[in-house]
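It should be emphasised that the depicted structure is a prediction, and the values quoted were computed from it without experimental measurement. The chain is numbered in sequence order, starting from 1.
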Amino acid sequence: SSRPTLDLESLGGYNPIDGGQPWFRDDATFGKRFGTHQRFGLMLSYSYDLNDLGTDDVEPVPNPDPLGTPEAYFSEISEYIYLYNHTRWGFGGSMDYKVSDNSDLFVHGMFTNFKDYGQKYGYDIVSATESTPGVSNDDGGITYSTSVRRPNYQISDFILGGNHAFSHSYVHYVGAISHSRQGGAA
């Protein structure tokens with residue numbers, strides 16, 4: 001069709017977890033055929049997504065009661081706070097040229113980048129054990145840990161090809177190259 005295509009979309013919001021984090025996503029697509037006989041076609045797209053989020057994870061750790069009672073005995077609790085920054089963006093494109101009603105050539109390509117960043121803060125709280133009821137040992141405590149992750153993922157590709165229809169056969173040819181990488185610590 002010679003009718004142009006334009007599609008725009010934008011979404012957004014706010015996640016109140018862990019001090020508040022914004023999120024939004026923007027997408028755009030444009031396409032059109034050009035020329036006096038509409039032989040040349042172009043389609044372009046772009047997307048951006050920011051999704052910052054956080055989670056709180058509390059894990060009580062049950063253990064057998066050292067005094068041998070059948071009651072539940074929780075001597076340890078772990079609390080983890082996770083803060084994430086997920087940023088994704090990418091673009092794509094496609095061009096084609098109709099050489100004739102039976103033949104066409106095309107080019108497709110895309111690139112995308114994803115940053116999966118995050119921090120983890122952990123607190124491990126261990127209560128003192130009892131050697132006899134009401135008498136505590138001096139073996140409890142609190143430990144703190146933290147870790148940072150900065151993985152970054154990318155993919156891209158580029159494709160050239162064409163099609164030719166004969167009266168009793170069909171030829172499709174294509175050449176492609178692609179790239180991907182993962183950087184940073186996970």
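- For Leu8, the CG atom is densely surrounded, since the number of other residues' heavy atoms within 6.0 Å is greater than 12.
- For the pair Lys32 and Phe30, the cation-pi test (distance below 6.0 Å, angle within 45°) is failed.
- Linking Ile, Leu, Val, Met, Phe, Trp and Tyr residues whenever their side-chain heavy atoms come within less than 4.5 Å leaves Val174 and Val107 in two separate clusters.
- Contact annotation: the side chain of Glu79 never approaches that of Asp124 to less than 4.5 Å [non-hydrogen atoms, C-beta and beyond].
- At least one side-chain heavy atom of Ile77 sits less than 4.5 Å from a side-chain heavy atom of Val58.
- Under the 6.0 Å cut-off for aromatic ring centres, Phe166 and His164 qualify, their centroids lying closer than that.
- If you take CG on Asp27 and CG on Leu11, they are separated by 7.5 Å, rounding to the nearest 0.5 Å.
- Counting heavy atoms from C-beta on, the side chains of Phe24 and Tyr48 come closer than 4.5 Å.
- Atoms OG1 and CH2, on Thr112 and Trp89 in that order, are 8.0 Å from each other to the nearest 0.5 Å.
- Ala176 and Ile159 get closest at one heavy-atom pair: CB-CG1, 3.9 Å.
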Can Phe106 and Leu160 be said to form a side chain to side chain contact (heavy atoms under 4.5 Å, CB included), step by step? CA-CA 6 Å; Phe106 59 85; Leu160 294 168; over 6 Å; no
side-chain hydrogen bond (donor to acceptor under 3.5 Å, both in side chains) evaluation trace for Thr5 with Asp7: CA-CA 7 Å; Thr5 298; Asp7 181 49; over 6 Å; no
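- Residues Asn163 and Tyr170 have side chains in contact (heavy-atom distance under 4.5 Å, counting atoms from C-beta outward).
- Judged purely by distance below 3.5 Å, without hydrogens or angles, the side chains of His108 and Ser94 pair a donor atom with an acceptor atom.
- Remark: His179 NE2 is packed, more than 12 non-hydrogen atoms of other residues, nucleotides or ligands lying under 6.0 Å away.
- A continuous path of hydrophobic side-chain contacts links Tyr144 to Leu83 [ILVMFWY only; heavy atoms under 4.5 Å].
- Taking 4.5 Å as the limit, every side-chain heavy atom of Asp26 sits out of range of all side-chain heavy atoms of Ser47.
- Note that OG of Ser147 is 9.0 Å distant from OH of Tyr121, once rounded to the nearest 0.5 Å.
- Following chains of ILVMFWY side-chain contacts shorter than 4.5 Å, one can reach Leu50 starting from Tyr46, so the two form part of one hydrophobic cluster.
- We find the OH-CZ distance between Tyr117 and Arg150 to be 6.5 Å, quoted to the nearest 0.5 Å.
- What you find for Gly93 and Leu44 is that their closest heavy atoms are CA-CD2, 4.0 Å.
- Residue pairs meeting the salt bridge (charged side-chain N to carboxylate O under 4.0 Å, His left out) criterion with at least one partner in residues 82-104, sequence neighbours excluded, are Arg33-Asp96, Asp49-Arg88.
- Under the 6.0 Å cut-off for aromatic ring centres, Phe91 and Phe111 qualify, their centroids lying closer than that.
- With a 4.5 Å cut-off on side-chain heavy atoms, Leu6 and Thr29 do not count as touching.
- Residues satisfying the side chain to side chain contact (heavy atoms under 4.5 Å, CB included) criterion with Tyr173, sequence neighbours excluded, are Leu105, Val171.
- A donor and an acceptor atom, one from each side chain of His86 and Asp116, are located under 3.5 Å apart.
- The hydrophobic cluster containing Val99 also contains Phe40, counting ILVMFWY residues as joined when their side-chain heavy atoms lie under 4.5 angstrom apart, directly or transitively.
- Hydrophobic clustering keeps Met95 apart from Met110 (ILVMFWY residues linked when any side-chain heavy atoms are closer than 4.5 Å, directly or through intermediates).
- Of all non-hydrogen atoms in Trp23 and Asn15, the two that sit nearest each other are CD1-N, 4.5 Å.
- Residues satisfying the side chain to side chain contact (heavy atoms under 4.5 Å, CB included) test with Tyr80, not counting sequence neighbours, are Asp57, Glu59, Ser78, Tyr82, Lys120.
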